[in-house]
Structures are given as structure tokens and as C-alpha cells.
Number of protein chains: 4
Amino acid sequence: MSTGSGTSPNAARRSDASRRAILRAAFDLVGEVGYAKLSIEGIAARAGVGKQTIYRWWPSKGAVLFDAFLMLSEDSGGSPALPDTGDLRADLVAVLRATVEELNDPRYDEPMRALNTEIAHDPELARTYLQRLERPMRELKKDRLRSAQRAGELPSDLDLDVAVDLIWGPLLNRWMLRGGELTGDYAERVVVAALDGLRPRGGAVG
Amino acid sequence: MSTGSGTSPNAARRSDASRRAILRAAFDLVGEVGYAKLSIEGIAARAGVGKQTIYRWWPSKGAVLFDAFLMLSEDSGGSPALPDTGDLRADLVAVLRATVEELNDPRYDEPMRALNTEIAHDPELARTYLQRLERPMRELKKDRLRSAQRAGELPSDLDLDVAVDLIWGPLLNRWMLRGGELTGDYAERVVVAALDGLRPRGGAVG
Amino acid sequence: MSTGSGTSPNAARRSDASRRAILRAAFDLVGEVGYAKLSIEGIAARAGVGKQTIYRWWPSKGAVLFDAFLMLSEDSGGSPALPDTGDLRADLVAVLRATVEELNDPRYDEPMRALNTEIAHDPELARTYLQRLERPMRELKKDRLRSAQRAGELPSDLDLDVAVDLIWGPLLNRWMLRGGELTGDYAERVVVAALDGLRPRGGAVG
Amino acid sequence: MSTGSGTSPNAARRSDASRRAILRAAFDLVGEVGYAKLSIEGIAARAGVGKQTIYRWWPSKGAVLFDAFLMLSEDSGGSPALPDTGDLRADLVAVLRATVEELNDPRYDEPMRALNTEIAHDPELARTYLQRLERPMRELKKDRLRSAQRAGELPSDLDLDVAVDLIWGPLLNRWMLRGGELTGDYAERVVVAALDGLRPRGGAVG
DNA sequence: ACGTAAACGAGACGGTACGTCTAGTCTTCAG
DNA sequence: CTGAAGACTAGACGTACCGTCTCGTTTACGT
């Protein structure tokens, strides 16, 4: 479950109560004091745990934070499939609007910024993130696009990875760098532009 | 020139030599030791400057770093206009390939990650960044798109901000979160997808 | 007037208003914040004077403080002669009781401790102190003892310096090191012991 | 052993090696650079110790210095009793001559000045000093005087505290304020004056 | 049921950097 | 050229955490 890769201590005897308390404390604290002021010392104190218990099982502050996100996503039963009503544009707009909601929720905003920052600066952590969280979520998105391909809404030779980037990239980028207000309306315009393209189309649309 | 917003000390007497030495040291150090280990103390020592001279003029480590970028961009005469050969797709591909090069250059990679994560965590800094660096660069991009509108390559009612996000967002997002290899080829596929859109087009274009 | 010894700046143009403001501020501040927290910076601010004006005319914090005492003593017309009623014991007791009063007055206690500390650590300052303040006061004391010699109350071959030390030394020592309560009663017992000596006397006493 | 009075950290786990290194370094440094330039930072560096280890166990620089003296006096087995040959005057002169030697030894001069000035400015430290160092030494002095009382050399109703002040006060005061050369001869004259008193005696004694 | 070995809470340790404060020097400007 | 103002280099202050290292104390196996 841990992000550590080397030879572990005797994991069999690991205290699950402490582990959960640490992850809970880490997630809560990052929301309260911000990422810059998050400290191992603070996490240990909040969790009622010795510092060594953290250093024993995680290699870095980012790894703790990452596991905290992992626990959260697992506790909530993992991510469900994207909605599939047969109307791709509507489904994407709905999903992105929900994402915008979440990104604007201060309860998630700060912790997610923290996680992204850690990923940006720690290649090892980034690799784990890709495998454990990003890839599964990306697969769900590609599943919806594949369904659209089967329905003839998208070409069968579409590069799905580029497609996912085109739809979600602008949103995440604007959020991360605060490049303007993040509204549901903006999300909708991005979806339309991504599906239709920037250039004028010969045929009728939608 | 500084990022500080409140009442400044007597800026007329400010030592320009110290200011430049600090920004130079900050930029060099962030490339050498990485952002996590960049310290005010280290910058002051490298610049041959008292710590107070930094605290007097900048409110945070991120602000120093930001001004360092600003100085660099101003010293190099600001950014030039994007190429305009009349072929939008080719021009965009060329620009994005160059951007990919830069993002893959370790000389710029680490400092730019540092700047971006600081922006992500500091709304005040983000505001300044938008005005001083992001907006001017975005205008250059929009200028090229406007030129394409005049040439009939893009619809005249196109939302240029969304267009810029669509083209550059995926690239920056993949770079920041290390969501896969960042190649010129990827850049090209993003440009094509953005221009043509994901959905099948009625007639062949360009 | 200054304690500085080297080549002075053009003393003719010296601003007497600034000089007095500085000495006044130094004396007041040492009583308010204590000696440890007394700073040149603080004195300059309180006096409404640039720091350089202090550094120009005094070599050290102690020198400023010393001049402050000097000014005070000169402004109050210098020390008057000790009382001489013809009864040495009574006169000494009266003087020492007054000294005890002064030493117990918080208005003088802290500044005098500060001055003594500076003297203890700065031989150069100590020399000046001896000449300008200690010696004059000691002469007044010796004058009173000489008068007693003439009156036959003290032997004519008495070492007056040792005598002064014997009478005032215990008091100052107890005050400085807080070696017990400093009362008028204690002062009286010291005078009696000093005059009569510790050993039993053959003849009748006083 | 520490001068701190409030609730201590877990003293059981205290590192004695660090404690001794700190006290040693403090004593050595105060002799080398003087009290004014003695810094916690310097002590920590010299002792090979983190600053926090000093702040954890001592409330102030003065307290460290004080404990350094305490350690020294305890390591050298504490002070022995004063000599008692039956001749009080000779014994006192011998002791005071030795004290003069010590006060003139630069190895002890500066540290003792530092300790004394700290005591002068810190009532809390003064209290501890009185109990732990001054009182024991004073008792040894009073013991010798009591012996003299039993031998009939001193009156049985003599105020021993005043007597001790009368003998040692002048010496310490002259030393602290550099009120003249501190010689064995001076010490002898003080002893004689203190024992015989300043006034002329009826009969010859001793 | 009992030893034993590990993980645990606690927290002292040598360090680094923080952001503030003061020292003493240097520069600019008004009079 | 003076004195006021204040920016400058330098470095100590006391605090917060870092990551490592004991301490005793649970806790859960393997006997």
C-alpha cells in the first residue's frame, strides 16, 4: 500500500490504526495549513504517532500525501465509469462541470495542488502516481471515448491519449496556474472546441 | 519591477547591483540544487548580499524567482512575435516543437517547474504572473491566431482564449505532471487534433 | 566632552541639540528597556537622529551611556561636598543611607548597573570613568575624612584610599551582586564596623 | 544541575557528553573572545552541538555561563576550608593574596567579569548564584571567623556577614570597576584596616 | 502462558534555514 | 561639508523541522 519501494520492515506487524491516522492527519492538515507549512512533525503530532512511525513506512512527505489520496479514493470505492447517455458532448460537459465543481471546492483544492506539486518535483512519485491513480482514471475516460467510437461519434483511428489530453488538459492547466476563472461555462466551451476543432468545418455540426 | 505590492521602502535608493546579483543567483541556484533546496540564505550568500536586502524587497522566495524570470525575459529583449508563414498548422507545430525543446532542456526545466508550483500555491504571485508574463505571451499567440482569422484559416467568431488553451494546455499539463514522454511528435498530434477537432469532418481541409 | 579619543570630526559644527537629545534618549532608554536591550538603533530613533550621528561622535554604546551620566551630573551642578557636622560616624551613616536610597530607586538602579557593566568590560572606558567621575567623588569623600583627621577622629597616617574602599566597597558590592537586602540599617552597621574594626578594642568606644 | 527552574524536558535522557561540551566551550570562549562577543551560536559550534540543545536546557546565555562555573567548581572537588593557623590576620592576608592572584590571572578574569555582570542584570540568576556559589563560599569564610571568635580574636557578638563584606567587599569592588591596581599589598592593607578599624585604638593589640 | 522480537509513542540529538534584529559602513540628499 | 535618512553587508537571535537515534512500552507470534 505504501509508496516505498525498497525492502520493507516487517509489514505484517504494521499498525493499521496508526497508518490510517497518519493519512487522515496528512490530508486534513494540508487543507488547513496549506502545503508549504505541512510538516512531518505536525502530521505525527496530529495523528498521535511517533515521527519514526512515519519515517519507517514512507520515504517522503509527498509519499504520505499520495497514499492519503490513494486511501481516500479506495475508501470511496474507486472511481465509477463516466456517464454514457449516447450523447458524447453532453456527457463530457457533465463530467467536466463536475470536475470544475471539485476543483473549486476548497476542501479539495489545496490538497490536490499539494499532490500535483509533489509530482512535479519528484519523478519517482510521478511514476507511481501515473500507475496508481492517473492511468486508471485515464482508462475510464478512454472507455467513454471508445464507446463513442463504436457509436460512430468519433473516428475509429483517433489517438485516444491525445484526445483525453485535449479535453482535460486545458481545464487542469487553467486551474493549476489560475489562468482565469474556472467555470462550467468554460468547460463547455472547451469540450465544444475540442470536438469540433478550431478550423471551420465543411459539413453541418452536431 | 518587484513583485511586492504594499508600501515599498525608499525604492529610489535601491541598489541595482544587489538586485541583479540576487536574481542571477536565484535563477542559477534553482537550476543547480533544485527548488526544494533553494533557500533565501543560499541566494544571499551566492549573491554576496545580506539576507535583509532580500527580505526588504521581496515578500517570498517565489517572488524572487519570479522576478528572476522577468529579468531574464526582459534582458533578452522580450519575446518576439510567433512565426507567420501563412500556414497556421506548420507555424504552430514549429512553435510547439521549440517549446518542447525548451521544456526538455534541464537548464530551464527545473526553474520553470519551481516557478509554476510557486504560482500554484500563491494566488498573489499568480496574479502578477498573469499580468507580467502570461498575458503578454498569450497576446503573441492570439496575434497569430487573429492573423489566421484574417486569412480565413480560422472562423472570425472563434474564442481565442479557449483556442490558446486548447493548443498549449495539453502540452504544459503533460510536462508538469510527467504524463508521458514530451516529444515534437506529440506536439504535432496535439496541433492537428486541436485544429481539426476530434469528431469526423465532412469535407477535407487544407 | 566626548569619550572618544582619536582625531575628532570638526567639533565646531557639532549640533549640541542632537548631542543632548542622544544622551537624554540613551539614559531614558536604559531605564525603560534595560541595558541588554539598549541599542544604538533605538537611541537614534528615540533622539530623532541618524545612526551615523552617534557613530561619528562616540566609539561605543558604553561611551554614549557614560557621557549621558556625565551630562546629568554636570547639569545638576556636580556633586556637593559631604556633610560635616563634626560627628564622622553620623555623617557617614547619613551619606550611605542616601546612597542606599538612590541605589534602591529603580530610576537609577538600571542605568548605573549598565554603566558599571560597561566599565567592567571596557578598560578604556574605565580609565575615563576613574578620571571624570570616580576620582572627583572620591576626593569629596577623602575631604571629609581629612576633616576628621584634623579633628582627631581618625589617625593622621590613615591610608585614605583604603578607608574609602572599606566604607563604600561593601555597599556597592552587595548592591551590584544582590548579595542581600540593601537597607539603611546595613549601611549603618558597615560604617560602625569600618570605624571600629572587627577586633575587640581595648579602650572605650566613641 | 541546570539553572532553569520551570518544568524541564525529559531530563533523564539528557546527554551528559553534550552538556559538558557546552559548558566547557562556554567557559573557554568567554575567555577567548570576551563576554560581549560570546554567542550561543559560537558555543554550539565549538561544542559540536545543535543550538536547540542549548536552548532546551538553559534559559539564557548567563545561565550557561553560570553552570560552566558550577561545573568547574564541582569538578575541582569544591572549595576547601580556609587556612586556620591560629593567626587570623595572617590567614586572611594569605587568602586575599591568593584571591588577588586569581583575579589578576587573565584565564579567570574575563569569565568572572562576565558572570558577575550577568548576575548584576539578571535577578533570577543572582538568586541561584547566591544559593549555589556565593553562600557556600561565604560559609567557609564565616567558619574561619567563628574559629577566631572561639580563640578570642574576634568578639562573640560580631555580625559575621558584615565582617565578610568588610574584608572581601573592597577587593572585589576595586577589581570589578578597576579602581586601581590590585596587589597583594593592597589586600594586606584592607585586612589590617578591617580588623583594626579606621579610628585610633586605645591599646595596642596582637 | 510465555518469551521475544518488532513496531510503537515519545522525544533528545546534530543540523539547516527561517524571518527578525542590530551592528557598523556607505550613499544620497537638503540646507 | 554637515546632519538626517536609510539601504547596505554581516551575522546572532530564538524557533521550527529535518531525519536519526535511543528509550521504555505494547503487541502478537512461535513456541
Side-chain angles (χ1 to χ4, degrees), chain A residues 9-19 21 36-45 47-57 59-61, chain B residues 9-19 21 36-45 47-57 59-61, chain C residues 9-15 17-19 37-45 47-57 59-61, chain D residues 9-15 17-19 21 36-45 47-57 59-61:
Chain A
N10 188 340
R13 300 210 171 169
R14 181 168 187 182
S15 155
D16 197 60
S18 290
R19 181 183 146 270
K37 299 206 164 181
L38 180 67
S39 69
I40 299 276
E41 202 119 7
I43 297 171
V49 138
K51 285 199 295 176
Q52 199 54 43
T53 302
I54 299 182
Y55 285 109
R56 187 157 25 231
W57 300 106
S60 71
K61 189 167 70 174
Chain B
N10 188 339
R13 302 210 170 159
R14 182 169 187 179
S15 157
D16 197 60
S18 290
R19 182 183 145 270
K37 299 206 163 181
L38 180 67
S39 67
I40 299 276
E41 205 122 22
I43 295 171
V49 138
K51 286 199 293 177
Q52 198 54 46
T53 301
I54 300 183
Y55 286 109
R56 183 157 28 231
W57 300 108
S60 70
K61 191 167 66 175
Chain C
N10 187 340
R13 297 210 176 175
R14 181 167 188 182
S15 153
S18 289
R19 181 182 146 271
K37 299 207 163 180
L38 179 68
S39 70
I40 298 277
E41 202 116 10
I43 295 171
V49 138
K51 285 200 297 176
Q52 199 54 41
T53 303
I54 300 182
Y55 283 111
R56 191 158 15 234
W57 299 105
S60 72
K61 188 168 70 174
Chain D
N10 189 339
R13 300 211 172 159
R14 180 168 188 180
S15 157
S18 291
R19 182 184 145 270
K37 300 206 162 180
L38 179 67
S39 68
I40 299 276
E41 206 123 37
I43 295 171
V49 139
K51 284 200 292 177
Q52 198 55 47
T53 301
I54 299 183
Y55 286 109
R56 184 153 32 228
W57 300 107
S60 71
K61 193 166 66 173

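Each chain gets a letter, A, B and so on, in the order its sequence line appears, and its residues count up from 1.
Regarding B/Asn10, its CG atom lies at a distance of 13 Å from the C1' atom of F/dC8, rounded to whole Å. Atom NZ of B/Lys37 and atom P of F/dC18 are 14 Å apart (whole Å). Separating the CZ atom of D/Arg19 from the C1' atom of E/dA12 is a distance of 16 Å, rounded to the nearest angstrom. Going from atom CD1 of C/Ile40 over to atom C1' of F/dA5 covers 17 Å, rounded to whole Å. Rounded to an integer number of Å, the gap from A/Ile54 CD1 to E/dA10 P is 12 Å.
Distances were taken from every side-chain heavy atom of C/Tyr55 (C-beta onward) to each of F/dA12, F/dT20, E/dT25; the shortest belongs to E/dT25. Set against F/dC17, E/dG14, F/dC8, the side chain of D/Ser18 has E/dG14 as its closest nucleotide.
For the pair D/Gly50 and B/Lys61, both in contact range of DNA chain E, the more 5′-proximal nearest nucleotide belongs to D/Gly50. Between A/Arg13 and A/Lys51, the residue anchored nearer the 5' end of DNA chain F, judged by the nucleotide with its closest heavy atom, is A/Lys51. Nucleotides of DNA chain E nearest to D/Glu41 and A/Asp16 differ in position, and the one nearer the 5' end is that of A/Asp16.
Residue-level contact check: C/Gly42 touches neither bases nor backbone, having no heavy atom under 4.0 Å from any strand. Using a 4.0 Å heavy-atom cutoff across all strands shown, B/Ser15 reaches sugar-phosphate atoms only and no base atom.
Residue B/Gln52 places no side-chain atom within donor-acceptor reach of the base of F/dC8, judged by atom type and a 3.5 Å distance cut-off alone.
Judged by the 6.0 Å and 45° rule, A/Arg14 forms a cation-pi pair with A/Trp57.
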Apply side-chain contact (heavy atoms from CB on, under 4.5 Å) to residues A/Arg56 and A/Thr53 and explain how you reach the verdict. CA-CA 5 Å; A/Arg56 187 157 25 231; A/Thr53 302; 3.7 Å; yes
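Across every non-hydrogen atom of C/Ile43 and C/Ile54, the tightest pair is CG2-CD1, 3.8 Å. Heavy-atom minimum distance, D/Ala44 versus D/Gly50: CB-C, 4.3 Å. Shown here for A/Lys61 and A/Leu38, the closest heavy-atom pair between the two residues is NZ-O, 3.2 Å.
For F/dT2, neither phosphate oxygen OP1 nor OP2 lies less than 4.0 angstrom from any side-chain nitrogen or oxygen of C/Trp57. Applying the 4.0 Å criterion to OP1 and OP2 of F/dT2, one finds that C/Arg56 has every side-chain N and O outside that range. In this structure, B/Thr53 does not reach the F/dA7 phosphate: none of its side-chain N or O atoms is under 4.0 Å from OP1 or OP2.
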